[in-house]
Amino acid sequence: MPLQNKIDPWLLEQTLNCLNTCIFDEKLSIYYVNENFCSLIGFNKEQLDGKKLSQLSHHHQNKSNHAFMLGTIKKGDTWKGELTLHHKNNYAIYLDATIKPVKKDSNSIHYIASFIDIQNRKQLIDNLKQRAHQQGLIAILGQISLHDIPINDLLEQALSVVCGSFEIDSGAILDISVNGEKALIRTSYNSPDLQAGVTILDIEKNSLLQQTLQTEQPIVCESLNNETTFIVPEIFLQAGYHFAAFSVIGDIKYPFGIFSLLSTTSRKFNIDETHFFQSVCNILAEAINRKNMETALRHEQQLSKKYLDVAEVIFIVIDRQEKILLANRHAAAVLGYSQSELSGMCFFESFTSPKEKDHARNHFYKLLNDEKNNKQNINHYKDASPIINKQNETRYIKWKNSALHDQKGSVNSVLYAGEDVTDLLEYEREQKNLEKQLSQAQKMEAVGMLAGGIAHDFNNILASILGFSDLALEVISKDDIKLHKYLTKIRTSGIKARDIIAQIQSINLQDESQNKAILLPSLLKGTLQMLRSALPSSIEMKLDIKNRIPAAYMNPSKFNQIVMHLLTNARNALKGKGKIFIDLSLMEIDEKTCSACQKNINNKYVVFCIRDNGPGFNSTSTSELFMPSKSSGLSGLSLVSKLVHESNGHIIISKQASTDSPGTDETCVQLLFEIQQSHLSENRSQNISNLDLNKINNKHLMIVDDENSVATYMGELFKGAGFKVSVYGDSVEALNAFKKQPHDYDLIVTDQTMPALTGDLLAASMLKLKPDLPVIICSGHSDLLQKNTAEELNVSALLKKPIDSAELLHIVVSLLSKAST
Amino acid sequence: MKNILVVDDDASILVFIKEALSKTHQVFTSETVAEAETISQDNSIDLLIADLVIPEKNGIDMIMDFKKNQPDIKILAISGGGGITGRFDYLPIAQLIGAEDTLKKPFSMAELRNKVDKIFQPCH
């Protein structure tokens with residue numbers, strides 16, 4: 001059919017019915033509505049009769065929009081826009097409206113309105129808006145979580161954002177207890193019933209909370225009262241909540257917590273809202289996770305730093321420019337600068353000596369450039385190498401060095417890890433010295449004992465020689481002059497021999513540990529007799545001992561050692577040929593200083609001087625001579641000086657012109673000993689003088705031994721020696737007797753192995769009452785004495801059985817005479 | 001004319017002392033303590049000259065024993081000086097336990113005779 005200009009009214013009607021149409025009169029009252037409009041708005045034709053457009057508007061209708069619409073149509077223009085009308089059931093209908101004013105003639109104006117339901121579109125737009133809004137929130141939350149914000153603040157922010165966005169009354173974030181049985185409110189929003197840090201909920205079986213923890217997606221409960229799939233915590237029902245949305249934060253295996261939303265009004269969550277909720281929880285989970293990792297990392301770093309600092313190891317990292325990149329606390333302590341000062345300092349320039357610098361640098365560069373050897377890049381220094389610190393001290397460090405690589409794998413710095421062994425080396429040196437000293441002292445003692453034993457045998461032989469020469473001289477005729485002469489010579493030699501032996505013996509019979517008044521001439525003679533044989537005959541020894549030398553206060557056995565060392569020195573210096581002069585005199589020493597301790601000397605001394613015409617000492621200052629050094633070893637002057645000072649003396653070393661052979665120099669070592677003014681203890685071959693024996697008369701001894709024969713014997717021994725003796729066979733009885741009158745007893749001799757109370761314990765008890773009491777313990781092989789020396793047992797002497805009665809008597813007399821001085 | 005008993009493990013010394021004193025006294029000699037004890041049982045001894053270092057018995061103990069059996073016996077202790085260990089001198093100890101005098105080896109004949117005379121005549 002061709003295009004029509006006019007159409008059938010029925011067709012017109014149908015056309016109208018495709019749309020939602022409404023026609024208003026000039027007063028904007030409804031003139032005509034079609035069926036569609038009625039079903040759209042919910043009212044029927046009768047109900048709409050006479051209603052005005054304004055009456056149909058919903059309160060959501062934008063007022064200015066409405067005004068604009070009116071103005072436009074009144075002007076006679078067509079208006080297109082959104083109108084919100086009021087459905088019969090009270091909800092808003094969103095419509096896209098076109099209102100066109102039409103004039104048939106000047107009197108009648110009609111407004112033709114056509115509406116399109118944009119409900120869905122609006123919904124869609126609203127949804128999109130909400131989504132966009134939520135995405136925006138997510139983005140913001142995400143941003144916030146990236147910042148270094150405390151977790152609690154983040155949680156609070158998230159809570160308020162979500163509640164605000166959903167228009168939910170209240171919410172809370174809960175912490176889960178370690179055993180998973182309780183949930184604590186960590187932070188809450190607008191909820192008086194759920195107080196942060198206070199409210200605790202039980203996570204019961206099949207409860208909402210438990211379900212939440214077991215599902216990855218959020219749980220949304222539209223009506224708490226009617227919920228059947230799980231148990232709702234009482235507190236929610238009591239608080240009047242109808243709606244709840246709960247989501248786990250984090251992985252269900254290791255949840256960080258629960259995010260909960262609660263509303264007093266019932267509502268639904270659509271898919272987007274659920275997704276949004278879940279996204280927020282994910283963000284929080286990530287943030288918390290990251291925070292935990294950061295904390296762990298920081299903790300690790302702090303621990304590492306602590307290890308670095310606590311370790312008594314020096315850690316220094318040196319870069320390619322030889323600058324210190326990093327130094328730990330110990331490094332700072334040893335090097336003398338603070339850690340910040342060290343940073344940037346050039347290591348080799350600042351801390352190695354000129355001698356060492358090149359060597360140290362070589363090692364450094366070797367490591368730095370040794371790229372091939374990636375695995376074996378640890379460099380050990382076998383010996384400790386010296387560094388000089390800020391205080392200009394030399395410290396010896398044992399380094400273990402390692403090349404450090406950057407991410408690309410090339411070496412950019414070297415780690416120097418070192419141990420300061422300076423003190424250790426010093427200690428080791430001391431130890432070696434002490435060991436040598438000890439072994440030397442032991443040798444001396446052995447030699448002494450040997451000499452003593454030989455001397456004794458010699459005396460016996462000499463007795464024969466002397467004796468028979470005497471006898472022979474008696475029986476021969478006076479006329480036999482030759483025979484007389486010969487026999488006299490034999491006799492004289494015998495006497496000489498006797499004196500020599502006596503001097504040798506005198507060395508042995510000294511009390512080693514003490515300084516005492518000593519007549520040096522005879523001591524010296526005795527020592528030299530013994531040591532003379534140590535010198536080859538190509539070395540001449542000249543002795544000059546002046547008369548009337550007063551006693552010196554010093555240690556005789558140490559003197560022997562000193563003389564031995566000095567003789568050894570002289571002998572070595574002379575290399576087998578030359579002269580050694582030994583002088584002993586009383587001298588006034590003025591304005592000199594001790595070469596070792598640097599003390600000023602201004603006094604009269606007994607001076608022992610040893611001179612040799614050897615090449616002399618090769619050093620700039622005399623004090624250097626006294627430093628222990630590897631080469632000089634034992635006979636080093638450091639040891640001599642030590643012994644001299646322990647003997648209350650001083651030492652002066654000098655070079656002087658030789659009087660013996662003019663034109664040459666002599667090395668001269670002078671030992672100065674103080675004169676002993678007070679009582680003299682003569683250097684006789686017996687160390688118990690008659691003086692001693694008189695002093696100890698009438699002393700009271702206690703003998704304690706459970707073996708009757710021994711006790712009796714000792715009792716008689718001591719009684720025979722003139723002592724007052726009390727003998728006890730029972731140690732407990734002995735102790736009781738002692739306790740009654742401790743001052744009555746002057747010395748105790750006790751057996752060790754006795755029932756009830758052993759000797760050492762008896763001694764200990766007695767010593768508590770009388771600390772100076774001389775006690776002698778006699779022990780046998782079978783005694784299980786823990787400590788093995790008298791010192792350890794705190795007694796005066798420890799004798800091993802079988803007891804030599806002479807030795808016992810001797811010790812008793814010595815102890816008693818010492819005690820009474 | 002007194003009875004003198006000399007105990008010493010060195011035979012030459014015994015000969016010497018005997019020779020030196022036989023003119024004025026009756027001298028018995030013994031190298032061992034055991035023999036000395038036997039001799040002293042058969043004869044009344046006035047003076048015991050004892051070496052303090054005899055392997056068999058401690059000189060001190062020997063002197064003590066003799067003194068126990070014969071409280072009046074006089075003792076002259078002789079010794080080479082230090083004991084076996086050489087650590088100290090035994091002679092003063094002998095004095096302590098009652099030896100009248102001591103004599104250090106080697107001694108001359110004159111010294112020996114003087115000491116013996118002094119013991120028998122203390123006032124002179």
Side-chain angles (χ1 to χ4, degrees), chain A residues 448-471 473-475 491 494-495 497-498 501-502 504-506 508-509 684-690 692-693 696 713 716-723 803-814, chain B residues 8-23 51-54 57-68 71 75 77-99 101-113:
Chain A
M449 281 180 67
L450 182 65
I454 293 176
H456 178 83
D457 294 339
F458 249 85
N459 277 339
N460 274 332
I461 296 168
L462 283 174
S464 283
I465 295 174
L466 215 54
F468 286 109
S469 336
D470 278 347
L471 277 171
L473 280 167
E474 197 178 53
V475 301
R491 191 177 184 278
I495 302 266
R498 175 179 76 177
I501 299 290
I504 292 179
Q505 279 183 314
S506 76
N508 245 5
L509 304 175
R684 289 219 206 112
S685 59
Q686 52 236 36
N687 57 349
I688 298 172
S689 59
N690 290 325
D692 295 331
L693 291 177
I696 61 165
Y713 165 75
E716 285 185 9
L717 179 71
F718 288 117
K719 263 193 221 139
F723 297 111
I803 308 286
D804 179 85
S805 36
E807 194 179 346
L808 179 59
L809 273 173
H810 176 263
I811 290 177
V812 167
V813 172
S814 315
Chain B
D8 196 320
D9 59 336
D10 184 341
S12 338
I13 297 283
L14 290 177
V15 171
F16 161 60
I17 295 178
K18 187 162 183 177
E19 294 291 303
L21 296 175
S22 290
K23 285 212 187 113
D51 182 27
L52 291 177
V53 183
I54 297 178
K57 196 176 199 174
N58 190 316
I60 303 291
D61 290 336
M62 175 175 58
I63 293 174
M64 297 264 309
D65 287 341
F66 267 91
K67 273 209 116 116
K68 217 193 301 179
I75 317 272
I78 59 177
S79 169
I84 301 171
T85 55
R87 259 192 286 160
F88 59 90
D89 195 350
Y90 282 4
L91 290 173
I93 304 295
Q95 274 188 297
L96 185 61
I97 57 161
D101 211 341
T102 62
L103 198 52
K104 187 162 177 326
K105 289 188 214 176
F107 41 82
S108 65
M109 198 168 60
E111 282 171 334
L112 175 63
R113 284 181 179 159

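Convention: sequence-line order gives letters A, B, ...; per-chain numbering from 1. Predicted model, so just to flag it, every value in this text is computed and none were measured.
Neither the backbone nor the side chain of B:K67 comes within contact range of chain A, judged by heavy atoms closer than 4.5 Å. Of the two parts of B:N58, only the side chain, counted from C-beta on, holds a non-hydrogen atom closer than 4.5 Å to a non-hydrogen atom of chain A. A:I454 does not touch chain B: none of its heavy atoms, backbone or side chain, sits under 4.5 Å away.
Expressed to the nearest 0.5 Å, how far CG of A:D457 lies from NZ of B:K105 amounts to 9.5 Å.
With respect to B:P106, the side chain to side chain contact (heavy atoms under 4.5 Å, CB included) criterion is satisfied by exactly one of A:N459, A:I501, A:I465: A:N459.
Annotation: side chain of A:I461 is not in contact with side chain of B:D10 (no heavy-atom distance under 4.5 Å).
Looking at A:D470 and B:R113, no side-chain N of the basic residue comes within less than 4.0 Å of a carboxylate O on the acidic one, giving no salt bridge.
By number of non-hydrogen pairs under 4.5 angstrom with chain B, the leading residue of A:L466, A:L471, A:L462 is A:L471. Note on B:A94, B:G98, B:S108: by heavy-atom pairs under 4.5 Å with chain A, the leading option is B:S108.
Nearest heavy-atom pair, B:D9 versus B:V53, reported as atom, atom and distance to 0.1 Å: OD1-O, 4.0 Å.
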